[in-house]
Amino acid sequence: MTSQPTPETHNDDAGTRLHGEYKVPGGKLVVVDLDVVDGRFANVSLSGDFFLEPDEALQDINGALTGLPETSTAADIAASVSSGLPEGATLFGFSAEAVAITVRRALSKATSWADHQWDVIPPSVLPTHVNVALDEVLTEEVGAGLRNPTLRFWDWEEPSVVIGSFQSVKNEVDPQGVARHGITVVRRISGGGAMFMEAGNCITYSLYLPQTLVDGISFADSYAFLDAWVMAALEKLGITAYYVPLNDIATDQGKIGGAAQKRLANGGMLHHVTMSYDIDADKMVEVLRIGKEKLSDKGTRSAKKRVDPLRRQTGMARAAILQAMQDVFTERYGASESVLTEAELAEARKRVDSKFGTSEWLNRVP
């Protein structure tokens, strides 16, 4: 099971020093070595392959960090660095926030992917209600240290709509279309928009992680950070994908997916993504209410044009794309294949009966 890593230390003539590293996504490596003396940072040394002007600003950053309490939050550290920089200073390839993450990693308040043993659960066909219940169960387990951080791929059979935690049922779902096409409507624990899901028509995965992995990273930046491996997998398949803030995944040919998150009080976090593979756009617009306001900032007049299936862009079978994604994640993070336990499945089914399958939960936002 996952556990909080001990601080990385380096030994030199002055004794044991704390050491932290952070590679800025799309940017440079930031490294910090420091001591903690009487509960405060001392002998701080920042380094890395970043660019910084003027040269003297490096000592200004070290000075801004020196004397801060070791209990400082990432926001406190970033604010001190920013205020300590001379007017007109230029940071290229890193930021005050990146420095804060690096310091927090040195203190083991923030973790990196390599600090954890990752598991991968391949797709297994489950009712949609069970899939959303498992998101809650497994996020809680990771937060409590009862399960390794885990990537789980979904699979299902019944046509479904999964709405976001804060969406209105009547505003998002057309009851006539739902009845006509036999759609199961389910509410998940994460925010974001509605997902139209038929067997084999999209690729859905959930990442269960400790919040220490995104310590110091802004809510907006955490999306791209947690999906860097997906972008690498898509690149391997010949697709150049990117994030459109806040949570859309797109290519030059259109939107291919979206992400949602939920952070629990026990330190667990859910990062959930659905990407379209072979969507029946005509059926989708009969089932979902996709209005003009939703499309107003998307640069398109048609809901159908917002869904650009992976099948068209890759020419590959869905199973092959799923396998490529699993392979990239496994190679990057040294993940091991895992399975859902009987206890986890039993708990998920129990929560379907008590929560996710109830009218009260589904209609909690009418």
Side-chain angles (χ1 to χ4, degrees), residues 4-116 209-228 243 245-246 261 263 267 269:
Q4 187 74 2
T6 55
E8 184 178 348
T9 58
H10 284 181
N11 293 316
D12 55 25
D13 293 339
T16 301
R17 284 168 63 74
L18 300 181
H19 178 83
E21 298 184 3
Y22 174 60
K23 173 65 169 61
V24 179
K28 300 297 183 177
L29 179 68
V30 184
V31 182
V32 70
D33 295 279
L34 56 83
D35 299 321
V36 175
V37 177
D38 296 330
R40 295 183 177 273
F41 302 154
N43 306 315
V44 180
S45 176
L46 187 76
S47 61
D49 60 357
F50 49 77
F51 298 91
L52 177 63
E53 294 290 346
D55 283 358
E56 296 77 18
L58 183 63
Q59 295 309 315
D60 292 325
I61 294 175
N62 289 336
L65 294 172
T66 299
L68 288 179
E70 66 174 324
T71 55
S72 298
T73 66
D76 293 336
I77 296 169
S80 182
V81 169
S82 294
S83 63
L85 287 168
E87 185 176 353
T90 301
L91 287 66
F92 184 79
F94 79 121
S95 63
E97 290 73 22
V99 174
I101 294 168
T102 311
V103 171
R104 296 276 291 180
R105 285 190 174 180
L107 298 168
S108 288
K109 304 298 184 182
T111 58
S112 69
W113 293 90
D115 288 324
H116 305 283
L209 60 137
Q211 292 173 38
T212 54
L213 187 63
V214 295
D215 184 276
I217 301 174
S218 72
F219 186 83
D221 290 344
S222 69
Y223 281 88
F225 173 75
L226 293 175
D227 281 332
Y243 256 89
L246 172 66
Q261 294 181 357
R263 304 182 188 210
M269 177 175 173

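Treat the numbers as computed from the prediction; the structure is a model and nothing was measured.
Taking the side chain as every heavy atom from C-beta outward, Tyr243 and Phe225 never approach each other to under 4.5 Å. Within the 4.5 Å cutoff, the side chain of Val36 has heavy atoms near those of the Leu107 side chain. Counting heavy atoms from C-beta on, the side chains of Val32 and Val99 never come closer than 4.5 Å. Residues Ser222 and Gln261 are in side-chain contact: their nearest non-hydrogen atoms beyond the backbone lie under 4.5 Å apart. Within the 4.5 Å cutoff, the side chain of Ile217 has heavy atoms near those of the Tyr22 side chain. Looking at Leu226 and Met269, their side chains come closer than 4.5 Å, going by heavy atoms from C-beta outward. In this structure the side chain of His116 reaches within 4.5 angstrom of the side chain of Thr212, judged on heavy atoms.
Rounding to the nearest 0.5 Å gives a distance of 9.0 Å between OG of Ser112 and CD of Glu21.
At distances below 3.5 Å, at least one donor-acceptor pair connects side-chain atoms of Thr102 with backbone N or O atoms of Ala98. Side-chain atoms of Ser82 never come within 3.5 Å of backbone atoms of Ala79 as a donor-acceptor pair (strictly under, hydrogens ignored). Remark: the backbone N or O of Ser72 is paired with a side-chain donor or acceptor of Arg104 at under 3.5 angstrom. Put simply, the side chain of Arg105 never gets that close to the backbone of Gly20: no donor and acceptor are under 3.5 Å apart. Between the side chain of Thr111 and the backbone N or O of Leu213 there is at least one donor-acceptor pair closer than 3.5 Å.
Looking at every heavy atom in both residues, Asp215 comes nearest to Ala74 through OD1-CB, 4.1 Å. What you find for Ala78 and Ala100 is that their closest heavy atoms are N-CB, 3.9 Å. Between Ala96 and Leu91 the shortest heavy-atom distance is N-CD2, 4.0 Å.
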- Query: Going through the checks in order, is the side-chain contact (heavy atoms from CB on, under 4.5 Å) test met by Val214 and Arg263?
  - Reply: CA-CA 11 Å; Val214 295; Arg263 304 182 188 210; 3.8 Å; yes

Sequence neighbours left out, cut at 3.5 Å: what donor-acceptor pairs do the side chains of residues 46-69 make with other protein atoms?
| residue | atom | partner | partner atom | Å |
| --- | --- | --- | --- | --- |
| Asp49 | OD1 | Leu29 | N | 2.7 |
| Asn62 | OD1 | Leu46 | N | 3.0 |
| Thr66 | OG1 | Asn62 | O | 2.8 |

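Sorted pairs that involve residues 53-77 and meet ring-ring contact (aromatic ring centres under 6.0 Å, His included), not counting sequence neighbours, are lacking altogether.
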